[in-house]
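Pasting a structure here, questions to come.
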Amino acid sequence: MNWFTAFLGSSIGKKLLMALTGLGFCFFLFIHLIGNLTLYGGKNFFLSYVEHLHALGPVIIIAECGLLLFAVIHVTTGALLFIENWRARPVGYVMKKNAGGRTLGSATMPYTGFLILTFITIHLLNVHFVDLSQQTIFQVLQNIFAFFPYVVFYTLAVIIVAIHVSHGFWSLFQTLGANHPKYMPFIHGLGICFSLIIALGFGFIPAYIRFIV
Amino acid sequence: MTTKTINLTLKVWRQNRGEKKGKLKTYFAKNISGDMSFLEMIDVVNEDLTKNREEPIAFDHDCREGICGMCGAVINGRAHGHEKETTLCQLHMRHFSDGDTIVIEPWRSRAFPIIKDLIVDRSALDRIIQSGGYISVNTGGAPDANAIPIAREVAETAFNAAACIGCGACVAACPNASAMLFVSAKISHLALLPQGRIEAAKRAKAMVRQMDQLGFGNCSNETECEAECPKGISIINIARLNREFLKAELC
Amino acid sequence: MTPYVENDQKIDTKLDAKVPPGPLAGKWDQYRFDLKLVNPANKKKFDIIVVGTGLAGASAAATLAELGYHVKNFCIQDSPRRAHSIAAQGGINAAKNYSNDGDSIWRLFYDTIKGGDFRAREANVYRLAQISNHIIDHCVAQGIPFARDYGGFLDNRSFGGAQVSRTFYAKGQTGQQLLLGAYSALMRQVASGMVKMFPRREMMELVVVDGRARGIVTRNLITGEIETYDGHAVVLATGGYGNVFNLSTNAMSSNVTASFRAYKKGAYFANPCFTQIHPTCIPVHGTFQSKLTLMSESLRNDGRVWVPKKPGDKRRAADIPESERDYYLENKYPSFGNLVPRDVASRNAKEQCDKGKGVGETGLAVYLDFEDAINRYGEDVVAGKYGNLFEMYEKITGENPYKTPMMIYPAVHYAMGGLWVDYNLMSTIDGLFVLGEANFSDHGANRLGASALMQGLADGYFIIPYTIGGYLAETTFSEVHAQNSDEFKKGVEAVNNRINRLLSVNGNRTVADFHRKLGLILWDHCGMSRNEEDLLKAKSMVNALKHEFWKDVYIPGIGKDLNQSLENAGRVADFLEFAELMITDALARKESCGCHFNTAFQTEENEARRDDENFCHVAAWEYAGEEKDPVFHKEPLEFENVKLSQRSYK
Ligand SMILES: Cc1cc2nc3c(=O)[nH]c(=O)nc-3n(C[C@H](O)[C@H](O)[C@H](O)COP(=O)(O)OP(=O)(O)OC[C@H]3O[C@@H](n4cnc5c(N)ncnc54)[C@H](O)[C@@H]3O)c2cc1C
Ligand code: SF4
Ligand code: FES
């Protein structure tokens, strides 16, 4: 296994870990979004989706463990990259400007990443690790979104996720070596669309729950 | 050609040899013609400094026609200045205006320690090439040059990658001080050609290992390198490097 | 102060070219067989010093290391990849005859000899033409991305007025690609431990022990430390001295120092007055210009050269009607037109400007006009051929050559002269070999386009590896150590003295100031056309400037530090002395040939008139001491295979 650890420890190996776990999260986000879109179908529709989901039992547990593992890898590797990259330029520029390659997403990856981690932790505490014996998950949502600052927090978090994904999406293709002049513009476009869909899809949930339901 | 001249304020990084710290010092460049190159402008300042018995600004340069890769500095926050696909020696003063203040700093990266003023040690780039940036062929015994036809587009793509001048601007511009564009240019040049395929896997592994050991940062696809590269080397090469490396490690 | 010129034909023993006997085509093969070989097991016992990492130096260092010698390789730049060969644009010649247009080794040989106006050694030039084909094979094997046609085979173009297509190229960056090939071979040997690389070192002195070159003294350009290195042979591949003119197409660090140190140690300097002035360069724009940029010669294939008919006509190009334009090359040379050789084109441009017909702000430029080509083929076709050159022109001048004609003027480009070498590429000092532009080479009095790259690589990849073996196998070496041999100590002392002397002048003028003055003197008096009176004047002017330099130069900083002013000062000090040698040589050659155009020797049609009776020789100069005229030696040139003819381009 020596070659394997050496491979994963290399700069490209680490990037590959980020890309693959990132891809996993994109996939998760996509599924999660589709699931949550049932909210827009009304309370009962949503709750029946939740029921079906929970009926999957062990599959869910496996998926959750997988996500946790991915999270651990993504976060530790990301942190390691952040530290290494920071150390690669011990004396910074007095004046540094962007040449036009950097985007809001790419420039803020470690920071948006950290914020997302914080958000996910809070989000999980609020909606995952809650006692559902007395209330439905829908009520949980209604409760937390009733608290306006949380709505603000949640919306910002969703925007941050979208920003993170706007760079992460095409970037993971580049890291996997999939950059071709014919297809890269499409991948770029897809990444932007995906992050917009995420922002809108998740972002309107609080409003929907607060004002429409 | 222009006859109009301009006056400029320069803030130049000065750092003595062997010292860890440096600082920006202010100089004035007077009566600079728009036809001068940036380096010729520094020549003028240096002659003035010399006449005033001060030490001139040390900076690397040689060909002064954009091909040797020796020159380079960060000008107002931009590697080789703000003109696209232009080395510092080919940046002309007509792109500046009278009264401008210009901040001039050396390439900054752990892998490129500062030697003096604007001169940095880029030998790390040579060490990367030593680790595998070649085709192992000894002189003598090569087959006829036309023995292996190579599609014109392939030869051109290889050429475009091989056009890298090894200036290090990609490292300087990269927010992570990564050398991936430089490495990918050489990997691509050789991996695209049938002659170079034979050692492609070994080369990719060795060059990436070497790059990692030299203190460069990791690529995070910021694409600032591509935007600043004076030779327009594309990040498609980085994707190819990733591919070559993954193939080499996993297959 | 005309030097004493010996006219007797007896061969100077030191100037024995060692050309092997036998028919021309078989000489090199036979000679390689006759050369003694070094036992493979013994090769590792030899240390070879190679100074320079251009095409010649890098290819030599890499190949010698492949053979098993230990090599120490030096260069001024921070990386061997930046040697000035990197800047060559146009291409490299070879007699492959891939175009099936009648090329052959013999034709390449003949063209090169004739192009050099019959002032090169037959046997060397023939060998060069033979080797040219191996170079292309080897370079392709190294992965050099030469231009290819749609079938995937190598593409050729015609270049520099040649009537066959024999030039291999990689866009406008052939030198870069070839050098990077040699550099990668070199890096491979560095990794294997056979080559030890010493970048940012300047050779300051050659060390000769018992009459043999055994080492060098260098200055570490970062620390200012004076260092010594020993070896069994020294190979100089330090490039050309065009920068003696201050403004040239050469890189800023190109110098004569290494060659000049060797000259002062006893190596003869051959034909120093032969400097090529290239006709298509971007004109000078101001006093502080540091360098002239070459525009590829290929532009003359479609561009038309003209000046206004009326001297002093200051109208814009567009306002000068067709009838008032003088297409002087087309008028004067109806059959070659704009494609006459470099020396002819340059001289005519100067002549027009001297008549006051020059254009641009300085009046030192002629037009190179693409209007007709654009009208005939369309802008797209012209852009396809020259797009990158037009962009480069626009980047530098800020003018768009699609709209206004380009302005060009000749500039110093290449040194045909250099240290004298025999067939083995060994100088008059045993064990000192000289390669590439640094030797007096195979180009006679004028070099053809795309043949310097060929020569540098031939020398490094395919000649020195054999001939140095012959020398090492035949020689018994005494023990010499850089650390404790007297000769090295003396070398270090000489270098230190020189540096201290430079630093202690403490005058008022900058090095650049002297360099500019020197350049102007040479450009005006020892440039495209020369005459005895001017040369004599120039000689005393240069001498006076040299004395002024040692009285009034000011060099800031100290010796033991990175000090670029000191580096330049050392180089300019050598240029000042070398310039005198150049002028001496120009004075002694009382004929016109190739680049050396003495107005006293011209045909009725104002073309160069050779004097084969008295000057069909290589002039090799021996250092005679400070402020003494050098001693002239002559290597007569014998032409057994070609007939000497007058070049004519009418
Ligand atoms: C702009 C331009 C375009 C050209 N285009 C063409 C072309 O298209 N085709 C063609 O055939 N030729 C061309 N030439 C000519 C050709 O490029 C050169 O003649 C050739 O490359 C010289 O190679 P070299 O190896 O002899 O020397 P260089 O490449 O000049 O290398 C000299 C080496 O010696 C080192 N050195 C010098 N002095 C010292 C010292 N004192 N101590 C230590 N090291 C030292 C330098 O660091 C360098 O490594 C062109 C030249 C120029 C200037
Ligand atoms: S990739 Fe571009 S920026 Fe980087 S070293 Fe090469 S030429 Fe310079
Ligand atoms: S000095 Fe050579 S690239 Fe700028």
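Numbers restart at 1 for each chain; the letters A, B, ... are given by sequence-line order, proteins then strands. Keep in mind that the numbers below use all heavy atoms, side chains included, and drop hydrogens, waters and symmetry copies.
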Residue among R188(C), Q564(C), M252(C) with most heavy-atom pairs under 4.5 Å to chain B: R188(C)
Residue part contacting chain B, namely of E567(C), when any heavy atom lies under 4.5 Å: neither
Most chain B-contacting option - heavy-atom pairs closer than 4.5 Å, from K171(C), K96(C), H84(C): K171(C)
Option that, when pairs with chain B are counted at under 4.5 Å, heavy atom only, ranks first among F168(C), F146(C), F153(C): F153(C)
Chain C contact via I57(B) - side chain, backbone, both or neither, heavy atoms under 4.5 Å: backbone
Chain C contact via H95(B) - side chain, backbone, both or neither, heavy atoms under 4.5 Å: neither
Exercise: identify the closest heavy-atom pair between G172(C) and N388(C): N-ND2, 4.2 Å
Residue part contacting chain B, namely of Q177(C), when any heavy atom lies under 4.5 Å: side chain
More than 12 heavy atoms of other groups within 6.0 Å of K30(B) NZ: no
Heavy-atom proximity to chain C below 4.5 Å, by part of S37(B): neither
Nearest heavy-atom neighbours spanning P230(B) and T87(B): CB-CG2, 3.6 Å
Note: E55(B)-K116(B) ion pair, threshold 4.0 Å (strictly below): yes
When M41(B), Q195(B), E40(B) are compared by non-hydrogen pairs under 4.5 Å with chain C, the top option: E40(B)
Residue N243(C) versus chain B: region with a heavy atom under 4.5 Å: neither
Which atoms of S85(C) approach chain B - backbone, side chain, both or neither, heavy atom under 4.5 Å: neither
Interface moiety of T50(B) toward chain C, non-hydrogen atoms closer than 4.5 Å: both
More than 12 heavy atoms from other groups under 6.0 Å of NZ on K202(B): no
Distance in Å, E65(B) CD paired with K291(C) NZ, rounded so as to fall on 0.5 Å steps: 3.5 Å
Chain C contact via T157(B) - which portion, at a heavy-atom distance below 4.5 Å: neither
Heavy-atom pairs under 4.5 Å with chain C, option from R122(B), H189(B), E83(B), Q90(B) with the top count: R122(B)
Heavy-atom proximity to chain B below 4.5 Å, by part of Q176(C): side chain
Proximity breakdown for D48(B) and chain C, heavy-atom pairs closer than 4.5 Å: neither
Residue part contacting chain C, namely of D126(B), when any heavy atom lies under 4.5 Å: both
Distance flag, aromatic centroids of Y461(C) and H138(C), threshold under 6.0 Å: yes
Proximity breakdown for E54(B) and chain C, heavy-atom pairs closer than 4.5 Å: backbone
Aromatic Y150(C) / basic R152(B) pairing, under 6.0 angstrom, 45° off normal: yes
Chain B contact via S565(C) - side chain, backbone, both or neither, heavy atoms under 4.5 Å: side chain
Interchain contact, I165(B) with chain C, by part (heavy-atom threshold 4.5 Å): both
Most contacts with chain B, counted as non-hydrogen pairs under 4.5 angstrom, among S59(C), G143(C), A191(C), A62(C): G143(C)
Among the listed options I136(C), N250(C), L154(C), the residue most often paired with chain B at heavy-atom distances under 4.5 Å: L154(C)
Cation-aromatic face contact R32(C)/F462(C), 6.0 Å, 45 degrees: no
R316(C) atom CZ, neighbour heavy-atom count above 12 within 6.0 Å: no
Closest non-hydrogen atom pair between L186(C) and P80(C), with its separation: CD2-CB, 3.9 Å
For chain C, the option from G18(B), G140(B), A163(B), G66(B) that forms the most heavy-atom pairs under 4.5 Å: A163(B)
Residue, of V137(B), I150(B), I135(B), that accumulates the most heavy atom pairs under 4.5 Å with chain C: I150(B)
Contact leader toward chain C among P143(B), G132(B), S123(B), where contacts are heavy-atom pairs under 4.5 Å: P143(B)
Taking every non-hydrogen atom, the tightest pair across D78(C) and P199(C): O-CB, 3.5 Å
Distance (rounded to the nearest 0.5 Å) between L292(C) CG and S248(C) OG: 7.0 Å
Heavy-atom proximity to chain C below 4.5 Å, by part of A147(B): neither
Within 45° cone of Y554(C) ring axis and under 6.0 Å: R509(C) NZ or CZ: no
K25(B), R17(B), R14(B) screened by salt bridge (charged side-chain N to carboxylate O under 4.0 Å, His left out) with D117(B), the one that passes: R14(B)
Option in H92(B), M36(B), K51(B) with maximal non-hydrogen atom pairs under 4.5 Å from chain C: H92(B)
Heavy-atom check, side chain of F216(B) versus side chain of Q210(B), under 4.5 Å: no
Heavy-atom pair count under 4.5 Å with chain B, highest-scoring of L67(C), L180(C), D561(C): D561(C)
